[in-house]
Amino acid sequence: MLLHLQTWQEVEAYLAKSTAIIIPIGSTEQHGPNGLIGTDAICGEAVGRKLGETTGTLVAPTIAVGMAQHHLAFPGSMTLRPSTLIAVVKDNVESLARHGFTHFYFVNGHGGNVAPFSSAFSELYAESSLSRPGNRPPIRCVLRNWYETPKVKAISRELYADQEGSHATPSEVSLTWAVYPQTVKHMKMEPKVAPRGTFTDAADYRRNFPDGRIGSNPDLASIEAGQRLWDAAVADLADDLASFVKLKA
Ligand code: NI
């Protein structure tokens with residue numbers, strides 16, 4: 001059930017039986033030589049939407065541009081400043097909370113989003129804490145990285161071991177290929193496995209990781225692996241979501 005394909009009466013009827021909503025989040029940034037610019041948003045959206053289908057939970061529009069300042073030296077990458085992203089998250093949550101949504105389940109595809117989202121959740125809770133008791137409806141937010149669920153990690157380890165890396169990984173590239181099979185691209189990676197290391201700003205990132213990858217060999221990606229990873233993420237998150245909605249807001 002996708003929020004943008006409902007009428008307002010249908011949303012009102014949904015709220016009478018559930019006040020939980022899934023919000024897919026990602027990033028729009030370079031993903032190495034054969035990865036799509038939209039990889040993180042595509043992955044968050046694919047997992048979030050299938051999770052919604054499986055569990056009968058409403059799914060909000062994807063927040064597709066995240067905090068990716070370190071990728072800006074590569075064409076096509078986009079970012080929100082951390083402070084902008086925090087404001088975007090707050091406004092999205094508060095719009096929905098006004099209608100009575102209480103449980104916000106963010107399915108994330110991008111590591112750079114974790115810190116700003118954590119700050120956004122603290123800002124939202126701070127506003128409740130600082131207002132007179134009962135003046136604001138209580139809410140609860142959580143963020144889950146699809147690529148870190150136990151079943152997903154086991155498959156990534158089994159298939160890619162030390163060639164998984166941490167950016168432009170064969171796992172995330174596989175998932176995008178399962179969603180958009182017409183985008184499959186195989187090519188020789190040079191070096192086969194990208195270097196590892198740290199970065200600060202966009203220029204530093206490109207100096208350290210010239211083709212955009214970190215520690216990965218995404219030429220190992222496949223549609224079949226993507227389908228397995230997709231199903232595994234949804235299975236793990238369905239259990240987690242069921243526990244989350246039982247928590248008091
Ligand atoms: Ni990614």
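Start at 1 and go down the list; that is how both ligands and their atoms are numbered.
- Atom CZ of Arg196 is surrounded by more than 12 heavy atoms from other residues, nucleotides or ligands within 6.0 Å.
- The Ni ion (ligand 1) lies closest to atom OE1 when only the N/O/S atoms of Glu172 are considered.
- Distances from the Ni ion (ligand 1) to the N/O/S atoms of Asp40 are shortest for OD1.
- Using a cut-off of 4.0 Å between Lys/Arg side-chain N and Asp/Glu carboxylate O, Arg144 and Asp240 are scored as salt-bridged.
- Look at Glu45 and Arg49 and you find a salt bridge, because one of the NZ, NE, NH1 or NH2 atoms lies within 4.0 Å of a carboxylate O, short of that distance.
- Within the coordination shell of the Ni ion (ligand 1), defined by N, O or S atoms under 2.8 Å, Glu29 is absent.
- Look at His167 and the Ni ion (ligand 1): no N/O/S atom of the residue is under 2.8 Å from the metal.
- Ionic pairing of Glu190 and Lys192 is not present here: no N-O contact between side-chain nitrogen and carboxylate oxygen is shorter than 4.0 angstrom.
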